[in-house]
Trainee: 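Attaching a single structure in structure tokens format; questions to follow.
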Amino acid sequence: MAGNTISKNKAKLRIGVLYGGRSGEHDVSLCSAASVVAALDRNKYNVTAIGIDRDGRWYVQEKPEIVPDKDFGRKMALKKSGMWLVNHFEQKNKLHIYDIKNKNKEVVVDVVFPVIHGTFCEDGTLQGLLELAMVPYVGADVIGSAVGMDKDIAKRLLNQSGIPIVPSVTINKQSWQENANAKIIMKDALEKLGLPLFVKPVCAGSSVGVKKVKKEKMLANAMNFAFQFDTRVMIEKAVDCREIECAVLGNENPVASVLGEIIPRHEFYSYEAKYIDPNGAALKIPAEIGKPLADKIRKIAVEGYMALGCSSMARVDFFLDKKTNKFYLNEINTIPGFTSISMYPKLWAATGLKYSDLLDKLIALALDRHKKKLEIKTDK
Ligand SMILES: Nc1ncnc2c1ncn2[C@@H]1O[C@H](COP(=O)(O)OP(=O)(O)O)[C@@H](O)[C@H]1O
Ligand SMILES: [Mg+2]
């Protein structure tokens with residue numbers, strides 16, 4: 001009887017879903033978060049939705065509200081009433097959030113579920129704040145997040161682990177802007193990589209700042225465009241490829257899902273193809289790839305995940321050369337799109353893990369990683 005009473009009264013885990021954020025992917029995040037908030041099992045969790053506006057202010061939503069969205073069907077509303085401040089030193093292992101206008105009003109969460117993409121969210125900065133707060137959270141930790149966001153550092157680590165990557169060079173803004181340097185940089189890149197090329201900001205996402213360069217005379221323009229979004233730009237050999245994605249899940253022993261294919265209906269998987277054109281791309285799950293090759297790609301997906309120090313989850317994206325069937329690991333996304341029609345949850349559904357079970361698993365992984373971090377000695 002006593003046991004029964006305890007389990008009945010057992011406090012539900014308080015999950016704080018973070019969404020919005022100071023990034024170009026703010027709008028996508030509202031849609032991803034709506035699916036997460038709708039699917040979290042209320043028998044197990046109390047859910048608090050915490051919207052972050054484009055200036056980085058946190059707003060605890062009195063009541064999570066899901067509203068219609070023209071592209072994804074639904075999104076989170078982000079009401080800017082009251083302003084809330086994170087206080088991370090109040091009580092260990094919990095995130096305390098206060099109303100700065102009314103210090104007696106506070107919200108406490110046990111696990112943070114960031115469903116926000118891009119700069120200041122997916123790049124280790126938010127994860128640093130959550131580490132300081134000593135609160136469990138979903139998604140890669142500081143290192144995995146930061147490295148996953150930096151295409152240049154990520155490629156160096158992947159290369160070191162023997163994982164195939166597309167040849168590229170990275171240029172910093174200062175050297176690009178120095179007199180006469182740009183011409184030399186472009187000449188060297190063209191000699192080394194040939195045409196066509198892809199030019200992209202090192203730290204960005206959603207194809208923001210990415211251009212395909214087919215003619216030599218377009219290269220300078222693409223470089224200047226990409227430098228608007230970062231201080232480092234990558235020039236990469238273009239691969240005539242199929243785009244293959246794999247979902248990876250886990251901490252110490254991560255597992256890979258079946259593979260999916262993105263079939264863009266534009267010249268490449270551009271921002272327009274991703275978010276503006278409703279018919280911009282088709283998703284094919286599972287990807288039509290023979291089992292031996294698919295298994296190899298899945299294995300490399302896990303190796304790449306480990307090489308970048310990822311944990312919790314990530315979507316690992318590949319280019320598969322249409323002619324040679326050679327594959328390259330393109331990038332790792334540590335907070336992938338999470339709408340119910342997004343690739344990451346759909347890959348798991350196709351592998352036998354349904355959306356709400358995936359959320360349970362991610363929360364369990366967050367608690368497990370946190371527990372292990374607490375066992376680490378921080379003094380002598
Ligand atoms: N080297 C390349 N060869 C062929 N296509 C590329 C290459 N680099 C980028 N692309 C195209 O541009 C898209 C966006 O580039 P990506 O490196 O994935 O940046 P993001 O982080 O913005 O998604 C890819 O999905 C692909 O369609
Ligand atoms: Mg990409």
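These numbers come from the heavy atoms of this one structure, side chains and all, not from hydrogens, waters or symmetry mates. One-based numbering along the sequence shown. Every number for a ligand or one of its atoms is a count from 1 in the order of the listing.
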Trainee: Which protein heavy atom lies closest to atom 3 (N) of ligand 1, and at what distance to 0.1 Å?
Mentor: V239 N, 2.9 Å

Trainee: For K212, I'd like to know if atom NZ has over 12 heavy atoms of other residues, nucleotides or ligands within 6.0 Å.
Mentor: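 Count over threshold, so yes.
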
Trainee: To the nearest 0.1 Å, how far is atom 21 (O) of ligand 1 from its closest protein heavy atom, and which atom is that?
Mentor: K151 NZ, 2.6 Å

Trainee: Quick test: of every protein heavy atom, which one is nearest to atom 22 (O) of ligand 1, and how far off is it to 0.1 Å?
Mentor: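 I find the closest protein heavy atom is S207 N, 2.6 Å.
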
Trainee: Indicate the ring-plane relationship of Y344 and W348, choosing parallel, tilted or perpendicular according to the 30° and 60° boundaries.
Mentor: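 Perpendicular.
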
Trainee: Charged N to carboxylate O below 4.0 Å: is that the case for R265 and D277?
Mentor: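 Result for this pair is no, no salt bridge flagged.
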
Trainee: Which ligand 1 atoms are under 4.0 Å away from a heavy-atom of A238?
Mentor: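 In order of numbering, the contacting atoms are 1 (N), 3 (N).
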
Trainee: Any idea which protein heavy atom is nearest atom 20 (P) of ligand 1, and the distance to it?
Mentor: E331 OE2, 3.5 Å

Trainee: Would you mind running through ligand 1 and noting each atom that sits below 4.0 Å from a heavy atom of E236?
Mentor: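 Once the distances to E236 are compared, the set is 1 (N), 2 (C), 7 (C), 8 (N).
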
Trainee: What part of F198, side chain from CB on, backbone N/CA/C/O, both or neither, has a heavy atom under 4.0 Å from ligand 1?
Mentor: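 Within the 4.0 Å criterion, F198 contacts ligand 1 through side-chain atoms alone.
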
Trainee: Could you tell me whether D230 and K200 make a salt bridge, using a distance below 4.0 angstrom between a side-chain N and a carboxylate O?
Mentor: no

Trainee: Are any of the side-chain heavy atoms of D295 and P292 separated by less than 4.5 Å?
Mentor: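 No, every pair of side-chain atoms sits at 4.5 Å or beyond.
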
Trainee: Heavy-atom distances under 4.0 Å decide this one: backbone, side chain, both or neither, for S270 against ligand 1?
Mentor: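 It is neither; nothing of S270 touches ligand 1.
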
Trainee: Would you please determine whether P264 falls within less than 4.0 Å of ligand 1 on a heavy-atom basis?
Mentor: no

Trainee: From the N, O or S atoms in E331, identify the one nearest to the Mg ion (ligand 2).
Mentor: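 The closest N, O or S atom of E331 to the Mg ion (ligand 2) is OE2.
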
Trainee: Please write down residue, atom name and distance for the protein heavy atom closest to atom 13 (C) of ligand 1.
Mentor: Y269 O, 3.6 Å

Trainee: Checking R369 against Y137: charged group under 6.0 Å from the ring centre and within 45 degrees of the axis?
Mentor: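 The answer is yes; both the distance and angle limits are met.
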
Trainee: With a heavy-atom distance limit of 4.0 Å, tell me whether K274 approaches ligand 1 through its side chain, its backbone, both, or neither.
Mentor: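 The part of K274 near ligand 1 is the side chain, not the backbone.
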
Trainee: Can you tell me the protein heavy atom closest to atom 12 (O) of ligand 1 and the distance?
Mentor: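 Ranking protein heavy atoms by distance from atom 12 (O) of ligand 1, first comes F268 CD1, 3.2 Å.
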
Trainee: Would you say the side chain of M223 lies within less than 4.5 Å of the side chain of I235, judging by non-hydrogen atoms?
Mentor: yes

Trainee: Between ligand 1 and K212, can you find any atom pair, the residue atom being a heavy atom, that is separated by under 4.0 Å?
Mentor: no

Trainee: Look at atom 24 (C) of ligand 1 and say which protein heavy atom is nearest, naming residue and atom and giving the distance to 0.1 Å.
Mentor: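 Answer, as residue, atom name and distance: E243 OE1, 3.5 Å.
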
Trainee: Looking at K214 and E267, does any basic side-chain N land under 4.0 Å from a carboxylate oxygen?
Mentor: yes

Trainee: I need the nearest protein heavy-atom contact for atom 9 (C) of ligand 1: residue, atom name and distance, please.
Mentor: K200 NZ, 3.4 Å

Trainee: Let's go through F318 and V316 carefully: what are the C-alpha distance in whole Å and the side-chain angles of both, what is the deciding distance for side-chain contact (heavy atoms from CB on, under 4.5 Å) to 0.1 Å, and is it a yes or a no?
Mentor: CA-CA 7 Å; F318 292 89; V316 185; 3.7 Å; yes

Trainee: Does only the side chain of N330 get under 4.0 Å from ligand 1, or the backbone, or both, or neither? Count heavy atoms.
Mentor: side chain

Trainee: Should H266 and Y271 count as side-chain neighbours, where that means a heavy-atom distance under 4.5 Å?
Mentor: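 In short, these two side chains do not touch, never coming nearer than 4.5 Å.
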
Trainee: Any salt bridge linking K373 with D141? Criterion: basic side-chain nitrogen under 4.0 Å from a carboxylate oxygen.
Mentor: yes

